[in-house]
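Residue numbering restarts at 1 for every chain, and letters A, B, ... go by the order of the sequence lines.
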2 protein chains.
Amino acid sequence: MAAHLATLDHAATVRPAFAPVPGHRSVRSGGGTVVAFPDLRGADTLEAIADTVVAERETMLFSEGDAAGDLYRVIDGMVRIYKLLPDGRRQIVGFLQAGDMMGLTLGPCYLYTAETVTTCSLQRLPRSRFEALMEAQPALARSLHARTATELVAAQDHMLLLGRKTAVEKVASFLLLLATRSRSASSLGGRRVRLPMSRNDIADYLGLTTETVSRAFTKLKTGGLIRLLEGGLVEIVDRDGLAGTTEGA
Amino acid sequence: MAAHLATLDHAATVRPAFAPVPGHRSVRSGGGTVVAFPDLRGADTLEAIADTVVAERETMLFSEGDAAGDLYRVIDGMVRIYKLLPDGRRQIVGFLQAGDMMGLTLGPCYLYTAETVTTCSLQRLPRSRFEALMEAQPALARSLHARTATELVAAQDHMLLLGRKTAVEKVASFLLLLATRSRSASSLGGRRVRLPMSRNDIADYLGLTTETVSRAFTKLKTGGLIRLLEGGLVEIVDRDGLAGTTEGA
DNA sequence: CGGGTCCTTGACCCCCCTCAAGGTCTGTGG
DNA sequence: CCACAGACCTTGAGGGGGGTCAAGGACCCG
């Protein structure tokens, strides 16, 4: 009954909030660093009401059940959002990167916990202001809706992965997903993927354990499909072969 | 590698489309049967451009990859939407009931297959008209966005279930989900749940097999938490006990 | 140099999948 | 009305994929 109990050690090493990071909480009120937002039109107005904050790696941004006061948008870095079962089992429902939003809720509370994986720069804006802006700017509301719909599609793909794929297929799918998503940051056209998160994070994203993820990586490496480089870098040697193991037969 | 291969027999018994149901395709152009739509304001205008059609049980409405021409809203009955892997493994990503919409896509194609579970009455409307209506009626667009966001939340809950819950926990969660969702159709306040879908459908929704689902039902029955009545009816004897097994310890 | 985390690998086991058989129910045709 | 085929559900026996437990190595930091 008590199968695959989570290790619970994720809560131990995560800082309680990003507020007690005094040196880094650099609020650049004006138009500080200019970052490209290709998929959210009208972002300039959104930028105007947002503070830009920096959070250290492994910092909790907000917790499931807390009053949802602020929204965040990732400018740089990676954030994990997850849900917990009472006994500590964890399911990471997404890794967020530049451009992704979090903390949006219809109800009063956050529905998942958000923590930084790497050091992040984030836009933070009060929910009330954000909702007023949505009301005033139909174009912004439309692009937000498109974003939500895209997230829903990704969630359905992930359900297929969680419910019906084997361990090796899950890891292969994960690598290809990251390869296509972070095209900009990598050197070559998606041949190398950076994995900033731990094996434990990957496991909790794919519905596996750390050991099984590690074994799957080894299997893909032995099969000549990938190579594990230093610094959490993975080189995709045989992209078609990897895509083949993604779906079985 | 080729673990839990789906039986593929779901495709065999499903009718190809709901068009060849001549007697039932009653298109009531005007304001035919008046149904309550509590959660979609502005539904009257949406009703005006929609045909009301009836589809027999086990009928395919549209298929993943088809050109997304029409949207549907369920008026009555139950629809399953699912995604397939190339080798036939199936993941049902949702059971739709009265008020739920399907076929919405940003891209050109449907992203999942939709089939009726029971005989359904549906509202069908061309995508182009729907998008024009969204453009013209901000209130409708807002409610659609709220609907999409709610679906995303449900999807994240389901990811937690698929990735981290045991078989018995999955079935218990499934029963409680149906009990809270279909409050209106049941006689008592959620003490009895109707399961119109087969064990195989439930299995493909929960990431299990038919046999494991059946065994989980038996275990819940033996534990005195539920009773299996005839006609696919399940009586929830011990709701708190069922909720307890939902989350483990 | 010692303690910590993270990754990997091995040994073992258990939950769930697989395969199989039997029972029930339904629809159909004789 | 009954025989029969078919789908569906249940239960049992056995096996395998992945979880559990454990140990060792690499790396970082104090």
* Asked: Does A:R80 come within less than 4.0 Å of A:D201, counting only side-chain N to carboxylate O?
  -> yes
* Using a 4.0 Å cut-off on protein heavy atoms (strictly under), produce a 5'-to-3' string for nucleotides 25-30 of chain D with B for base contact, S for backbone-only sugar-phosphate contact, and - for none. => ------
* Rounded distance in Å - CG (A:D204) to P (C:dC6) -> 12 Å
* Asked: For B:E58 and D:dG6, what is the distance between atoms CD and P respectively, to the nearest whole Å?
  -> 18 Å
* To do: Give the rounded distance in Å between these two atoms: CG of B:L229 and C1' of D:dC9.
  => 16 Å
* To do: Find the distance A:D201:CG to C:dT5:C1' and express it as a whole number of Å.
  => 13 Å
* Do B:L161 and B:L206 come within less than 4.5 Å of each other through their side chains, counting heavy atoms only? -> yes
* **Side-chain donor or acceptor of B:K83 paired with backbone N/O of B:L111 under 3.5 Å** => yes
* How far does CZ of A:R164 sit from CG of B:D204, to the nearest 0.5 angstrom? -> 4.5 Å
* Let me have DNA chain D in dot-bracket notation, would you? Count Watson-Crick plus G-U wobble pairs, both distances under 3.5 Å, and use [ ] for pairs crossing earlier ones and | for inter-strand partners. => ||||||||||||||||||||||||||||||
* Please give, in whole Å, the distance from C:dC16 C1' to B:L162 CG? -> 15 Å
* Backbone of B:I236 reached by a side-chain donor or acceptor of B:R191 within 3.5 Å -> yes
* For A:G207, which contact category applies under a 4.0 Å heavy-atom criterion: base, sugar-phosphate, or nothing? -> sugar-phosphate
* To do: Can you see which heavy atom on A:M102 is nearest to which on A:Y112, and at what distance?
  => CA-OH, 3.6 Å
* Asked: Does any non-hydrogen side-chain atom of A:Y72 lie less than 4.5 Å from one of A:L96?
  -> no
* If we ignore angles and hydrogens, is there a donor and acceptor under 3.5 Å between the side chains of A:N200 and A:T210? -> yes
* Can you tell me how far C1' of D:dG18 sits from NZ of A:K219, to the nearest Å? -> 10 Å
* Asked: So does B:T209 get a side-chain nitrogen or oxygen closer than 4.0 Å to the phosphate oxygens (OP1/OP2) of C:dC16?
  -> no
* Starting from the C-alpha separation in whole Å, work towards a yes-or-no answer on side-chain hydrogen bond (donor to acceptor under 3.5 Å, both in side chains) for A:Y82 and A:E115. => CA-CA 9 Å; A:Y82 63 82; A:E115 293 170 357; 2.6 Å; yes
* How long is the line joining CG of B:L208 and C1' of D:dG18, in whole Å? -> 15 Å
Show me the protein contacts with nucleotides 7-14 of chain C, counting only N or O atoms at under 3.5 Å.
from   : atom 1 : to     : atom 2 : distance (Å)
C:dC7  : OP1    : A:R199 : N      : 3.2
C:dC7  : OP2    : A:R199 : N      : 3.0
C:dT8  : OP1    : A:R199 : NH2    : 3.2
C:dT8  : OP2    : A:R199 : NE     : 2.7
C:dT8  : OP2    : A:S214 : OG     : 2.9
C:dT8  : O5'    : A:S214 : OG     : 3.0
C:dT9  : OP2    : A:T218 : OG1    : 2.4
C:dG10 : N7     : A:R215 : NH1    : 3.0
C:dG10 : O6     : A:R215 : NH2    : 3.4

* Asked: Rounded to the nearest Å, what distance is computed from the CZ atom of residue B:R90 to the P atom of nucleotide C:dC17?
  -> 15 Å
* Distance in Å, A:I226 CD1 paired with A:L175 CG, rounded so as to fall on 0.5 Å steps -> 5.5 Å
* B:Y205 side chain near B:M197 side chain, heavy-atom distance below 4.5 Å -> no
